[in-house]
Amino acid sequence: MIGRVLSRGGGVYRVHMDTGIVDASLRGRLKHETASRVLVGDLVRVDVHDDGSVTIEGVEARRTLLRRRTPGRRRATRPVAANVDQVVVVGAARSPDWDTHTIDRFIAVASASELPTIIVINKSDLDDQASAYGDVYRAIGYDVHVTSVTAELGVTTLRESLRGHISLLTGSTGVGKSSLLNAVQPGLQLRTSAVSARAGTGRHTTVAAEMYPLDEGGFVVDTPGLRDIGLWGLAPEDVSAAFPEIAATGTGCRFDDCRHGVEPDCAVVSAVTEGQIASSRLTSFRTLLAEADEASRPWQGR
Ligand code: GDP
Ligand code: ZN
């Protein structure tokens with residue numbers, strides 16, 4: 001039988017199957033070979049034994065891998081979840097104010113794992129201009145949803161784009177992620193803390209990632225301890241890949257290694273002056289690139 005790993009803690013894997021959710025453990029052999037490699041989101045082959053116990057016998061090939069880069073360690077990444085196929089970046093139009101730089105940062109982290117991104121502008125009831133914040137992103141080719149949980153706007157469309165997918169919802173605190181998920185599927189309650197006390201055992205388990213099945217098919221992934229994926233590290237090449245419009249225009253710069261800062265004959269700076277590239281995007285690009293360079297520099301006795 002085949003199931004999907006929803007969460008993992010203390011050697012117990014919660015596995016979602018057509019027949020329901022079961023607790024499973026790794027088969028002895030697998031424990032030694034790949035203990036650290038069975039991830040939330042993995043599609044696993046399970047055996048149900050006569051005594052009712054369930055073991056994970058194998059892991060199916062992954063389609064994607066969400067990785068978290070360890071800041072300051074250029075090559076170090078840690079797997080967070082398998083088979084996530086889209087990242088939903090949520091921002092609020094107001095309260096807190098729309099923050100395009102934070103959105104760009106989230107997009108860059110998603111793009112570092114080569115995952116497509118959907119942008120949600122929530123709390124549109126608080127700002128008549130809400131939809132306009134999305135123009136920059138629509139122009140680059142992103143899907144933008146304008147929603148309001150309070151006014152019940154855009155929730156149906158969001159539900160449709162989650163259906164059948166494994167989606168990671170992310171965004172700053174207070175933008176309305178939990179409210180949106182509850183509107184999409186009433187009763188879906190995300191854990192609010194990175195640490196969960198396991199009842200009875202008194203043991204504390206850090207939950208790296210956890211998936212919730214959607215009634216209409218698909219899953220939503222939450223990363224309680226890492227919910228602000230904007231804090232995840234970025235490598236310089238991740239930053240370039242996350243700004244496709246800058247990369248495309250940058251082929252016209254005088255210098256091949258132009259950073260679109262103070263270099264002469266920079267095609268990107270010209271495109272910003274002419275209004276073809278949003279200046280907010282160039283600002284984000286420069287900030288994230290400087291940060292990524294700093295983080296990837298070898299340790300110098302700091
Ligand atoms: P999270 O931290 O991203 O999960 O945000 P929450 O879902 O906890 O929402 C933060 C606050 O914003 C709560 O008080 C919500 O009631 C409120 N909120 C969420 N969505 C909306 C919305 O569309 N419009 C308005 N006006 N308030 C909202
Ligand atoms: Zn340039």
Side-chain angles (χ1 to χ4, degrees), residues 87-99 102-103 106 118-131 133-134 144-159 162 167-194 210 212 220-231 236 239-240 243-274 276-279 281-290:
V87 175
V88 182
V89 173
V90 185
R94 283 278 157 81
S95 178
D97 280 353
W98 180 254
D99 177 357
T102 301
I103 298 293
F106 283 124
I118 294 175
I119 295 164
V120 173
I121 305 172
N122 190 38
K123 306 201 189 184
S124 61
D125 55 292
L126 300 180
D127 187 344
D128 293 342
Q129 302 300 307
S131 179
Y133 300 137
V144 179
H145 293 254
V146 180
T147 61
S148 166
V149 176
T150 320
E152 295 177 29
L153 288 172
V155 173
T156 308
T157 327
L158 180 62
R159 184 182 298 122
L162 298 181
S167 313
L168 174 77
L169 229 85
T170 186
S172 308
T173 307
V175 297
K177 296 180 295 297
S178 323
S179 310
L180 274 171
L181 283 176
N182 265 305
V184 162
Q185 180 164 318
L188 193 79
Q189 210 79 52
L190 297 193
R191 203 179 290 246
T192 51
S193 149
E210 194 157 1
Y212 299 82
V220 171
V221 185
D222 190 25
T223 52
L226 313 162
R227 196 166 282 162
D228 189 342
I229 72 165
L231 298 177
V239 177
S240 305
F243 293 81
E245 80 280 34
I246 291 180
T249 303
T251 57
C253 297
R254 189 206 291 188
F255 299 110
D256 283 348
D257 59 349
C258 186
R259 296 163 59 86
H260 323 310
V262 295
E263 294 87 347
D265 297 331
C266 172
V268 173
V269 170
S270 304
V272 170
T273 311
E274 287 158 20
Q276 285 148 3
I277 288 179
S279 65
R281 291 279 291 170
L282 181 54
T283 305
S284 291
F285 172 85
R286 287 173 176 160
T287 308
L288 293 177
L289 187 61

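All of these numbers come straight from a predicted model, not from anything done at the bench. Just follow the structure's listing: the first ligand is 1, and inside any ligand the first atom is 1. The basis for the numbers below is simple: all heavy atoms, side chains too, and nothing from hydrogens, waters or symmetry mates.
The number of heavy-atom neighbours closer than 6.0 Å to CD of Glu152, taken from other residues, nucleotides and ligands shown, is 12 or below.
The two atoms that bring Cys253 and Val268 nearest to each other are SG-N, 4.1 Å, heavy atoms only. The minimum heavy-atom distance between Ala130 and Val146, with the atom names listed, is CB-CG1, 4.5 Å. Counting all heavy atoms, side chain and backbone alike, Ile246 lies closest to His260 at CG2-CD2, 3.5 Å.
Within the 4.5 Å cutoff, the side chain of Ile121 has heavy atoms near those of the Val144 side chain.
Near Asp125, meaning under 4.0 Å from one of its heavy atoms, ligand 1 places the atoms 22 (C), 23 (O), 24 (N), 25 (C), 26 (N). Atom numbering of ligand 1 starts at 1 in the shown order; those under 4.0 Å from a heavy atom of Thr150 are 21 (C), 22 (C), 23 (O), 24 (N), 25 (C), 26 (N), 27 (N), 28 (C). Near Ser179, the atoms of ligand 1 lying under 4.0 angstrom from a non-hydrogen atom of the residue are 6 (P), 7 (O), 9 (O), 15 (C), 19 (C), 20 (N). Annotation for ligand 1: atoms under 4.0 Å from non-hydrogen atoms of Leu126 are 26 (N).
When non-hydrogen atoms are compared, ligand 1 lies under 4.0 Å from the side chain of Asn122 (C-beta onward) but not from its backbone. Contact annotation for Val175 and ligand 1: heavy atoms of both the backbone and the side chain come within less than 4.0 Å of the ligand. Contacts between Leu180 and ligand 1, counted as non-hydrogen atom pairs separated by less than 4.0 Å, are absent for every part of the residue.
Residue contact check for ligand 1: Gly171 places no non-hydrogen atom closer than 4.0 Å to it.
Put simply, the angle at the Zn ion (ligand 2) from ND1 in His260 to SG in Cys253 is close to 100°, to the nearest 10°.
The residue from Lys123, Arg94, Glu152, Lys177 that puts a heavy atom closest to atom 11 (C) of ligand 1 is Lys123. When the heavy-atom distances from atom 23 (O) of ligand 1 to Leu181, Val149, Thr147 are ranked, the shortest goes to Val149.
Checking each of Val221, Val120, Leu181 against Leu169 for a side chain to side chain contact (heavy atoms under 4.5 Å, CB included) leaves exactly one that passes, namely Leu181.
Residue pairs meeting the side chain to side chain donor-acceptor pair (under 3.5 Å) criterion with at least one member in residues 244-255, sequence neighbours excluded, are Glu245-Arg281, Arg254-Asp265.
With hydrogens and angles disregarded, a donor-acceptor distance shorter than 3.5 Å links the side chain of Glu263 to the backbone of Gly261.
The distance criterion of under 3.5 Å between nitrogen or oxygen atoms is not met by Ser124 with respect to ligand 1.
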